Amino acid sequence: MANNFGRILSSKRNVGILSLIGAGSLTAGFLLNREHVTAGAQARRVYPASAEYPDLRKHNNCMASHLTPAIYAKLVDKATPNGYSLDQAIQTGVDNPGHPFIKTVGMVAGDEESYEVFADLLDPVIKERHNGYDPQIMTHPTDLDSSKLTSGNFDERYVLSSRVRTGRSIRGLSLPPACTRAERREVERVVVDALAGLKGDLAGTYYSLTHMTDQEQQQLIDDHFLFDKPVSPLLTCSGMARDWPDARGIWHNNTKTFLIWINEEDHTRVISMEKGGNMKRVFDRFCTGLKEVERLIQEKGWEFMWNERLGYILTCPSNLGTGLRAGVHVNLPKLSKDPRFTKILDNLRLQKRGTGGVDTAAVGSTFDISNLDRLGQSEVQLVQTVVDGVNYLIDCEKKLEKGQDIKIPPPFKK
Amino acid sequence: MPFGNTHNVLKLKYASSEEYPDLSQHNNHMAKILTPAIYERLRSKETPSGFTLDDVIQTGIDNPGHPFIMTVGCVAGDEETYEVFKELLDPIIEDRHGGYKPTDKHKTDLNPDNLKGGDDLDPNYVISSRVRTGRSIRGFCLPPHCSRGERRGVEKMSVEALDSLSGDLKGKYYALKNMTDAEQQQLIDDHFLFDKPVSPLLLASGMARDWPDGRGIWHNDTKTFLVWVNEEDHLRVISMQKGGNMKEVFNRFCTGLTKIETLFKDKGTSFMWNEHLGYVLTCPSNLGTGLRAGVHVKIPNMSKHDKFEEVLKRLRLQKRGTGGVDTAAVGGTFDISNADRLGFSEVELVQMVVDGVKLLVEMEKKLEKGQSIDDLMPAQK
């Protein structure tokens, strides 16, 4: 049995073990004497891949579009070195068929190696989700030099607030769908330790979800900082909400312009934000803060998950690359009623959301406008896209105010 | 390992104290019994199919419970769970099942001839009668842990067995994923259709994965014998009819179950059962008989009497609203059923319900006439 141990770690179902036990066990149940079964030896009823293949006929998500029976059969016996399997990665997509109008991703990564071990499925999913980016041949540019950003100050008669967010994962620890309680606590410890080293306008405090006082909780709610246990089945079916609220928390700086979520959908979500239209300053702080945190964890021997194929590695394939969403809350009363609004946004590579975030409706004429893309362009490029695009939208709004006509811009070229 | 537990070996890299869950806000049987020492001793173990301690307790960690309702807080992933994790589950079973000891033996009695009376509950008061239980098929993992292939295997085997029933048990299977709109509406109107669970107690155990794959409802043509496939257990078996003839309901229940068990034996398997725990089901609260025998009964006067709860307690009965567990009663009509599952046989439990409901109806009639019920107060069973 000991010789098989290494093989068992990388093979979820080992038919060889069952043949040792005897085919009779398949119908008569387990004939094993429990004391002779070592930890890790799997004596589970085994079906061929075709009998395990999920029924995806009613499904509309990226996983369902690309998981053929052949790919399933090829990958179903594999597991990452941590033991994460294909069935675990796709569970959320099996449990959530999707929506006819919104195409969800339908799978997650349990660790950094998931993106390698299950590449036969993840690469086509990534390509579909990220507008043709092919992880097999392309490389992703990372650029956190915010000095390159131009024209990053918006007209504050229109732009109410500016925000940039991303995520970071700690290399060597499993991701939220798969992590053990000890790993999750270690993520918390590593990150909180590093954040305690931030100084100047980045100095701040950590509020653990388990230990915060009622007053702290109320303040965080009033600041719109507090995150709650997810209710969306897209998230809960992946297993990322297990053991809530153990090792989850919120850190923010004293001026409330730099905020970090720990162990929500990713190891960390990093947010820089301010009222008003100074996207340049928001992005400056974003880059400085990220680089400082990276330096502080490196001092202790840790690093972020990153590679040149996929950029920063996060739980959901939709957040690979930069994981960056830069956006504003902007008031566009005339433009938002113009029938060309959607086309203008499309060509600018921007998306609109309600001011409550993803899947909310706009209130009045104030929209959340942000970049569509995540992977294949750098942070500087994406924020510049938002800056140029929002400036264009404000220009349109001003023209419409004066009764002038507006133009649909040409489609964005990288 | 349905989700998120990776391979148990990874966790063993960390000290037990680093993995031990925070149960300081918790109020369920698992949180009452689990200690760091027990956790340390059990965490390196797995059942032969790979179910681990964290798999057992995940639902209890994710659902701290309620100050007034004591949930169980753990599930089994296969038959061996109750052996491998005995050190944790035996005390939980003892706590939940009225002091049932690890050395106790459970008696199974599905001979309906042993039931005395039960065919004459007054239909002016007793609106309907019902008996339900669950069964697990030996050799297959239970709903928290089964793979899609296994769940489909359970469905296939069960449907084959049910399709060969004849006489008044002859019926039809409706797979959840294939039913037509018309069939669905009919099942809703009959109050037979079950839906994907929404309770986080159930979801956190992993039993709703891949819904509705492998799930379905079978019922006989006369709509008096119903089987749920792959909901919280492999099989839930229900016998029911309008009126107060509990004897007939129990007859059909026993006949149906015995026939189904024979059919499974012909296929080389059987139901999970042992002489200590009786029938083995997903939730420790359903061990033994897994049986709930109950009636919907009109007792508006009795239910307002200040001795109502005391009477129920002495009769070993419990009340629920007519919507089932966690619902409120409507207009004085209650669901009255046995409180016990383990340590009494099926016949004994149904007898308690039959005798108890008869007494409650007698008391109701007395109260209607403005008479006292003091001389009818029962002794503690």
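Just so it is clear, the values below take in all heavy atoms, side chains as well, and ignore hydrogens, waters and symmetry mates. Each chain gets a letter, A, B and so on, in the order its sequence line appears, and its residues count up from 1. Remember, it's a predicted structure, so these values are computed and weren't measured experimentally.
- A:Arg242 and B:Asp62 are not joined by a salt bridge, as no carboxylate oxygen comes within less than 4.0 angstrom of a charged side-chain nitrogen.
- Interface check for chain B: of the options A:Ala51, A:Pro97, A:Pro54, A:Pro176, the most heavy-atom pairs under 4.5 Å are formed by A:Pro54.
- With a 4.5 angstrom heavy-atom cutoff, A:Arg184 does not touch chain B via any of its atoms.
- For B:Glu19 against A:Arg185, the heavy-atom pair with the smallest separation is C-NH1, 3.8 Å.
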task: Go through B:Asp22 and A:Thr210 one step at a time and tell me if the side-chain contact (heavy atoms from CB on, under 4.5 Å) criterion holds.
output: CA-CA 9 Å; B:Asp22 179 352; A:Thr210 338; 3.6 Å; yes
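- Counting heavy-atom neighbours within 6.0 Å of A:Asp214 CG, excluding the residue itself, gives a total of 12 or less.
- Closest heavy-atom contact between A:Tyr72 and B:Arg148: OH-NH2, 3.1 Å.
- For B:Ser17, the part lying under 4.5 angstrom from a heavy atom of chain A is the backbone only.
- For the pair B:Arg152 and A:Glu52, the tightest heavy-atom approach, listed with the atom from each and the gap, is NH1-C, 3.7 Å.
- Of all the heavy atoms in A:Asp95 and B:Ala208, the pair that sits closest is OD1-O, 4.3 Å.
- Only the side chain of B:Lys196 comes within less than 4.5 Å of a heavy atom of chain A; its backbone N, CA, C and O stay farther away.
- By the 4.5 Å heavy-atom criterion applied to side chains, A:Arg181 and B:Glu18 are not counted as neighbours.
- Only the side chain of B:Asp213 comes within contact range of chain A, with at least one heavy atom under 4.5 Å from a heavy atom of that chain.
- Contacts of A:Leu56 with chain B are absent, with no heavy-atom separation under 4.5 Å from either backbone or side chain.
- Between B:Leu10 and A:Pro81, every side-chain heavy-atom pair lies at or beyond the 4.5 Å cut-off.
- For residues 243-250 of chain A, heavy-atom neighbours of chain B at less than 4.5 Å comprise A:Asp243, A:Trp244, A:Asp246, sorted by residue number.
- Annotation for B:Glu40: atom CD does not count as buried by contact number, only 12 or fewer foreign heavy atoms lying within 6.0 Å.
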